[in-house]
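All heavy atoms count here, side chains included; hydrogens, waters and symmetry mates do not.
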Amino acid sequence: MLIPDLEYCELKERACAVNQAIGAVGLANLTWGNASAYDPDAGVMAIKPSGVPYSQLTPDHMVLVSRDGEVIGGGLKPSSDSVTHLVLYRAFEHVHGIVHSHSTFATAWAQACLAIPCLGTTHADHFRGPVPVTRDLTDEEIASDYVGNTGLVVVEAAVDSEGVPAVLVARHAPFVWGHSIEEALENAIALEHVAEMALTTLSLNSAVSPMPSALLARHFERKHGPAKTYGQ
């Protein structure tokens, strides 16, 4: 059942702002990628409409989709990745925002079917370990429910959905999330930078070892732990 257009205005505004941002900061070219904001109490997601350029988006363009996948608001078709987003929201209760970008360096790691190793403190400040990559989907998974099964392999690969809020879909691109859509955007920006840094580091020293676990934990906890020292 369609809901009144004025409901969930804030959710649509926030979803629109982040979708505009992923285009503006270069996380997605053309109409690649999408972002969604989720209201867990209502079980409603606001997501980018399919194929609409980022620069043309307005809050009214955002499509409202129920937790069960029913379009309940907006006059456009939702992103073709909507079902993937919903699978992640159902699996990760703490996730209230998702960014799916095709940013250059993170996507290069995904296409190479390689996890992004944690090689330094910049990575550790944002991700508590390597950013994992999914396995390839089987022929049956592709044929039966490609978009839904993409979400399932992301869930399967996400060994630490709180500490490492991102997964690279093999041969595809990253899905990144957060406690809010704004946090998901920040994590997506961080992911792209650490992906570029890792590639550059390995080009300089292909034998470099992963970051020592004690230093990794120290940097992650100082920014995200219960006794964090980073920030005001």
Visitor: Can you tell me which residue pairs pass the side chain to side chain donor-acceptor pair (under 3.5 Å) test with a partner in residues 25-35, sequence neighbours excluded?
Guide: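 Output for this query lists Asn34-Ser79, Asn34-Asp81, Asn34-His85.
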Visitor: Measure the shortest side-chain to side-chain distance between Thr107 and Pro174 over non-hydrogen atoms and say whether it is less than 4.5 angstrom.
Guide: yes
Visitor: Say you draw a straight line from CG of Leu137 to NE2 of His172; how long is it, rounded to the nearest 0.5 Å?
Guide: 10.5 Å
Visitor: Output all residues satisfying salt bridge (charged side-chain N to carboxylate O under 4.0 Å, His left out) with Asp160, sequence neighbours left out; order by chain, then residue number.
Guide: Arg128
Visitor: Report the hydrophobic cluster partners of Leu204, with the cluster defined as I, L, V, M, F, W, Y residues connected by side-chain heavy atoms closer than 4.5 angstrom, directly or transitively.
Guide: none
Visitor: State which residues pass side-chain hydrogen bond (donor to acceptor under 3.5 Å, both in side chains) with Asp136; sequence neighbours excluded, sorted by chain then number.
Guide: Arg171
Visitor: Taking only residues two or more places apart in sequence, or in another chain, which ones meet Lys223 in a side-chain contact (heavy atoms from CB on, under 4.5 Å)?
Guide: Asp125, His126, Tyr230
Visitor: Is there a chain of hydrophobic side chains (I, L, V, M, F, W, Y, each step under 4.5 Å between heavy atoms) that links Phe175 to Tyr54?
Guide: yes
Visitor: Indicate the atoms forming the closest heavy-atom contact of Val164 with Pro132, along with that distance.
Guide: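 So the two residues come closest at CG1-CD, 3.9 Å.
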Visitor: At their closest point, which heavy atom of Ser82 faces which heavy atom of Ile47, and how far apart are they?
Guide: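 Smallest interatomic distance, heavy atoms only, reads OG-CD1, 3.7 Å.
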Visitor: State yes or no: do Val153 and Val147 share one hydrophobic cluster built from I, L, V, M, F, W and Y residues joined by side-chain heavy-atom distances below 4.5 Å, directly or via other members?
Guide: yes
Visitor: Return the minimal non-hydrogen interatomic distance between Ala42 and Tyr8, and the atom names on each side.
Guide: CB-OH, 3.1 Å
Visitor: Is the shortest heavy-atom distance from the side chain of Val167 to the side chain of Thr134 under 4.5 Å?
Guide: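 The answer is yes; the side chains approach within 4.5 Å.
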Visitor: Establish whether Trp177 and Val99 are linked, either directly or via other cluster members, by ILVMFWY side-chain heavy-atom contacts under 4.5 Å.
Guide: yes
Visitor: Below 4.5 Å, heavy atoms only, C-beta onward: do Val65 and Ile72 meet side chain to side chain?
Guide: no
Visitor: Please list, chain by chain and in numerical order, all residues satisfying side-chain hydrogen bond (donor to acceptor under 3.5 Å, both in side chains) with Ser144, sequence neighbours excluded.
Guide: Asn149
Visitor: Taking atom OG of Ser101 and atom CD1 of Ile22, what is their separation to the nearest 0.5 Å?
Guide: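 Between Ser101 OG and Ile22 CD1, I get 7.0 Å after rounding to 0.5 Å.
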Visitor: Find out whether Pro49 and Met62 are in side-chain contact, i.e. whether some heavy atom of one side chain is under 4.5 Å from a heavy atom of the other.
Guide: yes
Visitor: Report whether Leu185 and Met45 are members of the same hydrophobic cluster (ILVMFWY, side-chain heavy atoms less than 4.5 Å apart, transitive linking).
Guide: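 Leu185 clusters together with Met45.
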Visitor: Considering only heavy atoms from C-beta outward, does the side chain of Val87 approach that of Val155 to under 4.5 Å?
Guide: yes
Visitor: Got a second to check how far Leu191's CG is from Phe105's CZ, nearest 0.5 Å?
Guide: 12.0 Å
Visitor: Quick check against the 3.5 Å criterion: does Ser161 have a side-chain atom that pairs as donor or acceptor with the backbone of Pro165?
Guide: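 Looks like no, no N/O pair under 3.5 Å.
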Visitor: Quick one: side-chain hydrogen bond (donor to acceptor under 3.5 Å, both in side chains) partners of Thr58, sequence neighbours excluded?
Guide: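 For Thr58 the side-chain hydrogen bond (donor to acceptor under 3.5 Å, both in side chains) partners, ignoring immediate neighbours, are His61.
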Visitor: Determine, stepwise, if the pair Val52 / Leu76 fulfils side chain to side chain contact (heavy atoms under 4.5 Å, CB included).
Guide: CA-CA 10 Å; Val52 178; Leu76 299 174; 4.3 Å; yes
Visitor: Applying the 4.5 Å side-chain criterion to the ILVMFWY set and letting contacts propagate, would Ile181 and Phe92 be lumped into a single cluster?
Guide: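 Yes; tracing contacts between hydrophobic side chains, which count when under 4.5 Å, links both residues.
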Visitor: For the CG atom of Asp60 and the NZ atom of Lys12, what is their distance to the nearest 0.5 Å?
Guide: 5.5 Å
Visitor: In this structure, which one of His94, His96, Glu162 forms a side-chain hydrogen bond (donor to acceptor under 3.5 Å, both in side chains) with His179?
Guide: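 For His179, the side-chain hydrogen bond (donor to acceptor under 3.5 Å, both in side chains) check succeeds only for Glu162.
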Visitor: Identify the heavy atoms of Pro59 and Cys16 that sit nearest to each other, and give their distance.
Guide: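 In terms of heavy atoms, the two residues are closest at N-SG, 3.5 Å.
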Visitor: Check Ala166 against Val131 and note the closest heavy-atom contact, atom names and distance.
Guide: O-CG1, 3.8 Å
Visitor: Could you check whether atom CG of Asn205 has more than 12 heavy atoms from other residues, nucleotides or ligands sitting under 6.0 Å from it?
Guide: yes
Visitor: Say whether, by atom type as modelled, one donor and one acceptor occur between the side chain of Ser180 and the main chain of Glu183 under 3.5 angstrom.
Guide: yes
Visitor: Counting C-beta onward and ignoring hydrogens, is there a side-chain heavy-atom pair between Ile98 and Thr84 closer than 4.5 Å?
Guide: no
Visitor: Once rounded to the nearest 0.5 Å, what's the spacing between atom OG of Ser36 and atom CG of Leu86?
Guide: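 Answer for the OG-CG pair, Ser36 versus Leu86, is 7.5 Å.
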Visitor: Is the CZ atom of Arg90 crowded by more than 12 outside heavy atoms at less than 6.0 Å?
Guide: yes
Visitor: Salt bridge (Lys or Arg N to Asp or Glu O under 4.0 Å): which pairs involve residues 35-54, sequence neighbours left out?
Guide: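 Applying salt bridge (Lys or Arg N to Asp or Glu O under 4.0 Å) to every pair that reaches into residues 35-54, excluding sequence neighbours, yields nothing.
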Visitor: Provide the full list of side chain to side chain donor-acceptor pair (under 3.5 Å) pairs with a residue in residues 186-204, sequence neighbours left out, each pair given once.
Guide: Ser103-Glu192
Visitor: Can you name the side-chain hydrogen bond (donor to acceptor under 3.5 Å, both in side chains) partners of Thr138, sequence neighbours left out?
Guide: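 Thr138 satisfies side-chain hydrogen bond (donor to acceptor under 3.5 Å, both in side chains) with Glu141 once adjacent residues are dropped.
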Visitor: I'd like to check Leu199 versus Trp109 (side-chain heavy atoms, cut-off strictly below 4.5 Å). Are they in contact?
Guide: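 They are in contact (side-chain heavy atoms under 4.5 Å apart), so the answer is yes.
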Visitor: For Arg67 and Val44: C-alpha separation, side-chain torsions, deciding distance, then whether side chain to side chain contact (heavy atoms under 4.5 Å, CB included) applies.
Guide: CA-CA 6 Å; Arg67 180 182 172 90; Val44 172; over 6 Å; no
Visitor: Could you give the distance from CD1 (Ile142) to OG1 (Thr150), rounded to the nearest 0.5 Å?
Guide: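 So the CD1 of Ile142 and the OG1 of Thr150 are separated by 8.0 Å.
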Visitor: Residues in salt bridge (charged side-chain N to carboxylate O under 4.0 Å, His left out) with Arg14, at least two apart?
Guide: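 With neighbours one apart ignored, the set is Glu182.
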Visitor: How does the hydrophobic cluster around Leu215 look, that is, which other residues are in it when side-chain heavy atoms under 4.5 Å mark a link?
Guide: Met211, Leu216
Visitor: So which heavy atom on Phe220 is nearest to which on Phe127, and how close?
Guide: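 Heavy-atom minimum between the residues: CD1-C, 3.9 Å.
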Visitor: May I ask you to check whether His102 and His100 place their ring centres under 6.0 Å from each other?
Guide: yes
Visitor: Between His123 and His219, is there a side-chain heavy-atom distance shorter than 4.5 Å?
Guide: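 Result no, sub-4.5 Å side-chain heavy-atom pair not found.
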